[in-house]
2 protein chains.
Amino acid sequence: MTELDRSGTDGNAGGMTSRTAPKLDHLLGIAAGLMARRGFGRTSIRDVANETGISLGGLYYYFKNKEDLLFLIQERTFGALLELQEAALAEGGDAETRLRRLVRNHLRYFLDHFNELKVCTYELESLEGERYEAIAELRRWYYHRLAEIVAEVWGVPGDRLESDGRVRHATLFVFGMLNWIFTWYDADRDKPVDRLGDEMIALVMDGLRAGPPPERTESS
Amino acid sequence: MTELDRSGTDGNAGGMTSRTAPKLDHLLGIAAGLMARRGFGRTSIRDVANETGISLGGLYYYFKNKEDLLFLIQERTFGALLELQEAALAEGGDAETRLRRLVRNHLRYFLDHFNELKVCTYELESLEGERYEAIAELRRWYYHRLAEIVAEVWGVPGDRLESDGRVRHATLFVFGMLNWIFTWYDADRDKPVDRLGDEMIALVMDGLRAGPPPERTESS
DNA sequence: TAATCTATCGAACGTCAGTTCGAAAATGAG
DNA sequence: CTCATTTTCGAACTGACGTTCGATAGATTA
């Protein structure tokens with residue numbers, strides 16, 4: 001229904017086929033900052049123009065649509081996160097080890113790319129059609145990796161992973177913890193991210209009944 | 001900075017001081033449905049007019065602002081939920097019992113008022129000034145009630161509750177699980193809500209290491 | 001019936017948004 | 001220097017949005 005016509009060029013309006021584009025990255029970073037604060041719908045292209053110093057019309061050299069701008073932010077940010085996580089999983093280890101790595105990476109990445117990842121988390125549904133599907137696919141990949149770990153902890157065989165609602169729910173509970181952080185994290189108050197990760201792992205693995213995790217200052 | 005001028009009348013533009021207003025409730029329900037689907041920013045007053053059958057101008061008899069419309073939805077929905085939870089807590093019981101009640105109530109309420117509660121969850125930041133503060137206050141109340149339970153499970157004394165980051169984090173992790181549901185819940189797939197609650201309690205209390213919760217069909 | 005209050009309407013106003021476009025600088029190669 | 005390509009600009013168009021307002025029924029009261 002909602003089609004998009006990527007006419008030959010592969011993402012942005014003008015040329016720019018190079019892997020990394022510093023000016024575009026800068027632009028996307030600023031746009032993400034605005035969208036993280038005011039939301040996609042409330043952020044105008046004119047806001048982006050003012051904040052970046054680029055003229056209103058000039059922006060359309062970098063993206064062909066407002067929605068395309070959002071897509072570029074999400075694709076790049078989420079893509080990089082998933083690459084990171086893929087590498088982390090490739091390192092192997094038992095389920096708990098991999099889970100801990102995943103959570104820590106996620107939290108570290110979220111600290112370094114707060115605005116961008118917040119936009120990824122909140123504004124998926126502002127995309128439509130192909131663009132929506134492309135990002136949804138990335139999310140599905142992430143979901144499956146975590147679900148596999150949950151299933152492994154519980155000893156659920158891989159072929160029953162899809163049909164077992166308990167694995168699905170537990171996985172989504174964990175994602176809820178991870179993603180909800182954007183609503184409350186306060187850099188000053190909640191300082192060491194790795195400790196946050198440890199606390200989360202402690203809750204996920206052993207629950208409240210095991211008591212609070214140790215209050216030490218730092219670890220690896 | 002951003003002031004609102006409630007000139008005498010107490011919330012809506014016209015009169016209407018009665019406790020329950022069926023037509024207003026109907027209106028708010030439809031508005032919540034639109035906002036849940038497309039977000040506050042993307043939902044226009046004209047959309048609400050079309051969907052309700054009330055004329056564009058006529059809507060302003062019920063609220064004085066678009067933001068006021070959002071506020072009314074949040075205040076009523078969240079207010080009712082908190083009343084429910086206050087009553088549930090008043091019933092007493094140990095920490096786990098109260099936690100289970102809280103979670104179950106939350107999930108049941110979320111099923112019955114999906115759109116409205118989704119709007120409450122996502123659109124707090126679309127409010128400003130006094131209206132923002134009023135809703136934020138309600139949320140704070142909810143947070144504290146859950147934090148108290150977490151602290152009780154861990155045996156953290158009430159006066160150290162505020163300063164202990166671990167209580168804060170664990171509480172917010174649980175809220176994350178609860179609120180993230182709006183992004184994935186599928187009425188057909190994830191049928192019995194009470195079981196969802198039990199699975200969540202199982203994870204929160206005992207963690208993944210305790211193994212998956214029993215797969216029974218239903219309980220109380 | 002006259003007066004008052006509640007509820008509703010349609011038209012209009014002003015603003016701001018996304019997008020387009022042709023021209024013009026800047027850049028870099030031959 | 002010349003020329004083609006890349007990048008940037010400012011003005012303009014078009015549509016949608018929130019909000020206002022005077023008019024108007026219907027209901028209620030005196």
Side-chain angles (χ1 to χ4, degrees), chain A residues 2-18 20-28 30-31 34-35 38-72 123 126-128 131, chain B residues 2-18 20-28 30-31 34-35 38-72 123 126-128 131:
Chain A
T2 322
E3 276 318 321
L4 63 146
D5 51 346
R6 306 208 153 276
S7 50
T9 79
D10 63 303
N12 47 49
M16 184 144 352
T17 33
S18 56
T20 56
K23 192 143 193 200
L24 176 60
D25 280 335
H26 176 243
L27 200 180
L28 294 181
I30 287 182
L34 289 167
M35 291 180 189
R38 303 210 271 260
F40 175 69
R42 287 239 199 268
T43 302
S44 72
I45 306 283
R46 281 171 176 81
D47 290 336
V48 179
N50 286 340
E51 207 77 7
T52 55
I54 304 175
S55 72
L56 179 58
L59 284 175
Y60 282 80
Y61 175 75
Y62 292 99
F63 49 84
K64 51 188 303 205
N65 258 338
K66 193 188 172 188
E67 194 194 335
D68 195 42
L69 168 60
L70 177 61
F71 174 75
L72 278 136
E123 304 289 359
S126 297
L127 298 174
E128 292 181 335
R131 280 190 268 248
Chain B
T2 323
E3 275 318 319
L4 62 146
D5 49 349
R6 304 206 155 277
S7 48
T9 79
D10 63 304
N12 48 49
M16 185 147 344
T17 32
S18 57
T20 56
K23 194 142 191 203
L24 176 60
D25 281 335
H26 176 243
L27 199 180
L28 295 181
I30 287 183
L34 290 168
M35 290 179 188
R38 305 210 271 261
F40 174 71
R42 287 243 199 264
T43 301
S44 72
I45 306 282
R46 280 170 177 82
D47 290 337
V48 179
N50 288 340
E51 207 78 6
T52 55
I54 304 175
S55 72
L56 178 59
L59 284 174
Y60 282 80
Y61 175 73
Y62 292 99
F63 49 84
K64 50 186 301 199
N65 257 339
K66 192 188 174 189
E67 193 194 336
D68 196 41
L69 167 60
L70 177 62
F71 174 74
L72 262 79
E123 304 290 359
S126 297
L127 298 174
E128 292 180 333
R131 280 191 268 251

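Chain naming here is simple, since letters A, B, ... match the order of the sequence lines and numbering starts at 1 in each. Below, all heavy atoms of this structure are taken into account, side chains as well, without hydrogens, waters or symmetry copies. Since this is a predicted model, take the numbers as computed values, not measurements.
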*Partners passing side chain to side chain donor-acceptor pair (under 3.5 Å) against B:Thr52 (at least two apart in sequence or in another chain)*: none

*Expressed in angstrom and rounded to an integer, what is the separation of A:Leu34 atom CG from C:dG18 atom P?*
12 Å

*Please determine if a side-chain N or O atom of B:Asn65 lies less than 4.0 Å away from the OP1 or OP2 oxygen of D:dT19.*
yes

*Could you state the CG-C1' distance from B:Asn50 to D:dC17, rounded to the nearest angstrom?*
13 Å

*In B/S/- notation, 5' to 3', how is nucleotides 8-14 of chain C contacted by protein heavy atoms closer than 4.0 Å?*
BBB-B--

*When all nucleic acid strands are considered with a 4.0 Å heavy-atom cut-off, which category describes A:Thr52: base, sugar-phosphate, or nothing?*
nothing

*Whole angstrom value for the distance that separates P of C:dG18 from CD1 of A:Ile45*: 5 Å

_Distance in angstrom units between A:Lys66 NZ and C:dC16 P, rounded_ = 15 Å

*Are any of the side-chain heavy atoms of B:Leu24 and B:Leu72 separated by less than 4.5 Å?*
yes

*Measure across A:Leu70 and A:Glu123 and return the closest heavy-atom pair with its distance rounded to 0.1 Å.*
CD2-O, 3.7 Å

*Could you give all pairs that pass the salt bridge (Lys or Arg N to Asp or Glu O under 4.0 Å) test and reach residues 48-63 of chain B, with sequence neighbours left out?*
none

*asked:* Restricting to side chain to side chain contact (heavy atoms under 4.5 Å, CB included), what partner residues turn up for A:Arg46, sequence neighbours left out?
replied: A:Ser44, A:Leu56

*What residues form a salt bridge (Lys or Arg N to Asp or Glu O under 4.0 Å) with A:Arg38, not counting sequence neighbours?*
A:Asp47

*Write down the distance between CG (B:Leu24) and P (C:dT6), rounded to a whole number of angstrom.*
16 Å

*Can you check the A:Leu59 CG to D:dT6 P distance for me, whole Å?*
19 Å

_Without decimals, in angstroms, what is the distance between A:Leu69 CG and C:dA17 P?_
15 Å

